[in-house]
Number of protein chains: 2
Amino acid sequence: MTEIQQDVPEVVVARLPQYLRTLTQLIDQGMQVISSQQLGEQLQVTPAQIRKDLSYFGRFGKQGRGYSIAHLVDRLRHILALDHDWTVAVVGIGRLGRAIINYPGFGPEGFRVTCAFDADPALVGQKAGGLTIHPLSQIRDVLEQKQVKIAIVAVPAANAQEVIDQLVMSGIKAILNYAPFAAQTPADVQVRSIDPVLALQSMTYYVQAPG
Amino acid sequence: MTEIQQDVPEVVVARLPQYLRTLTQLIDQGMQVISSQQLGEQLQVTPAQIRKDLSYFGRFGKQGRGYSIAHLVDRLRHILALDHDWTVAVVGIGRLGRAIINYPGFGPEGFRVTCAFDADPALVGQKAGGLTIHPLSQIRDVLEQKQVKIAIVAVPAANAQEVIDQLVMSGIKAILNYAPFAAQTPADVQVRSIDPVLALQSMTYYVQAPG
DNA sequence: GTATGTGAAGCACTTCACAGCT
DNA sequence: AGCTGTGAAGTGCTTCACATAC
């Protein structure tokens, strides 16, 4: 397993998956070598930033030539711990939760949704996208037993903190939060929020003309 | 209309909607006044940061007391141009596009989805969530005529840049992009991407233990 | 010649700490 | 006494520019 560098800025880690995605696409197009300049053009990032970002993890390029795309993809997948699959739990099997379970974009990237939970007794025991829906009371048992580390939260905002607290107690270390609220977690638990309303609201400032 | 301050950092603008959301919730709970300390606890932000952020736009607090929540909400809504509704177009009426049209979270925040577009001739003319689906060829006519400034892109990644180019040519100034790729736009067009896979991939780095 | 890797410089955001208002 | 508003200090990320390697 890759050693975690103590002093890698979070923004750097956040850019690596973007590099990885673009590089993967370029491989599919038959490209074999790329310079930081070329990659930067694709992603609207300066070449210096790409080189600096990668330098936190090692020396992956060849001076005078650039980077072997296949090699760099391998290294990035390893750094990001994407060289094996991850099992994922989904909590909240309403409209949104079902869409998440059926979303075809997670599987190819190695994220396998394998557990589903909901608070509604009418849903418990039913199936959603091939998964049996468990009651919230079983979160801890199931997640500890399956050693699940990643959860997706798709419950109403009013119940979300309560659910997240349970997930944290069950050993979850990464949460993808779809509930529109500010989640509170211990420092060793990662949270990323999917929040389209906040995204829209941070753009209107720059538009400022009704339409 | 609020003057746009030239030198407001983007990160500050991105935090204002979070403040606004929390303040709105607190009003509903009957709270009337709040200190930067209290608001910071809700949002995991330092009090100094909140005061500094707000100071870019004016002096909204009362020394010794704090901020009138109702007043601050009004001011934030005005600063963010959220004191009127916005019409929104959706491009790509597949599974995801339909979910977006039917998502109940946009309307209450003043975002009205009023136009739908898709490239598939089989869909054109049909209805989705009460909206008639138009062909891509009509993007420019419809958006210019209705003066739409905000669009949501929910097409496959392979077609997304092409669609975004058309939107930009049609006068769109803010794009909420659900396609998993790095969109390219002119500097005066805002883009925010909703990308759950990137979010997951930037968390696995910190977990680093399979599950 | 060409592109990387990297200390150093530059820039931008955050936090401090206190004057000033209530 | 309490809390805001804000210059100044501090911190961290980005960009520069060049030695180094191919």
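Heavy atoms only: backbone and side chains are in, while hydrogens, waters and symmetry mates are out. Every chain is numbered from 1, with letters handed out A, B, ... down the list of sequences.
Within the structure, a side-chain polar atom (N or O) of B/Thr46 is placed less than 4.0 Å from OP1 or OP2 of C/dT15. The side chain of A/Ser36 contributes no N or O atom lying less than 4.0 Å from OP1 or OP2 of C/dA3. In this model, the phosphate group of C/dA12 is not approached by any side-chain N or O of B/Tyr56 to a distance below 4.0 Å at OP1 or OP2. Residue B/Gln49 has a polar side-chain atom (N or O) positioned under 4.0 Å from OP1 or OP2 of C/dT14.
Distance B/Leu54 CG to D/dC3 P: 16 Å, rounded to the nearest Å. The distance from atom CD1 of A/Ile69 to atom C1' of C/dT4 is 16 Å, rounded to the nearest whole Å. Residue B/Asp53 contributes atom CG, which lies 17 Å from atom P of C/dA12 at whole-angstrom precision. For the pair B/Leu16 CG and C/dC13 C1', the interatomic distance rounds to 15 Å; values are reported in whole Å. Counting to the nearest Å, the P atom of D/dC3 and the CD1 atom of B/Ile50 are 14 Å from each other.
In summary, the side chains of B/Gln37 and B/Glu41 do present a donor paired with an acceptor at a separation below 3.5 Å, with no hydrogens or angles considered. Checked by atom type, the side-chain pair B/Gln161/B/Asp165 shows a donor-acceptor distance below 3.5 Å. Looking only at atom types and distance, the side chain of B/Thr46 has no donor-acceptor partner in the side chain of B/Gln49 under 3.5 Å away.
Of the two residues near DNA chain D, A/Val12 and A/Arg59, the one whose nearest nucleotide lies more 5' is A/Val12.
One donor-acceptor pair, N or O on each side, does fall under 3.5 Å between the base of C/dT4 and the side chain of A/Gln63. At a cut-off of 3.5 angstrom, the base of D/dG2 holds no donor-acceptor pair with the side chain of B/Lys62.
Residue A/Arg51 is classed as a base contact, given a heavy-atom separation below 4.0 Å to a base.
Closest to the side chain of B/Ser35, from the set D/dG5, C/dA8, D/dT4, is D/dT4. When each of D/dT6, D/dT14, D/dC16 is scored by its nearest atom to the side-chain atoms of B/Lys52, the top-ranked nucleotide is D/dT6.
Nearest heavy-atom pair across A/Asp118 and A/Ile93 is OD2-N, 2.6 Å.
Within a 6.0 Å sphere centred on CD of A/Gln32, other residues, nucleotides and ligands contribute 12 heavy atoms or fewer.
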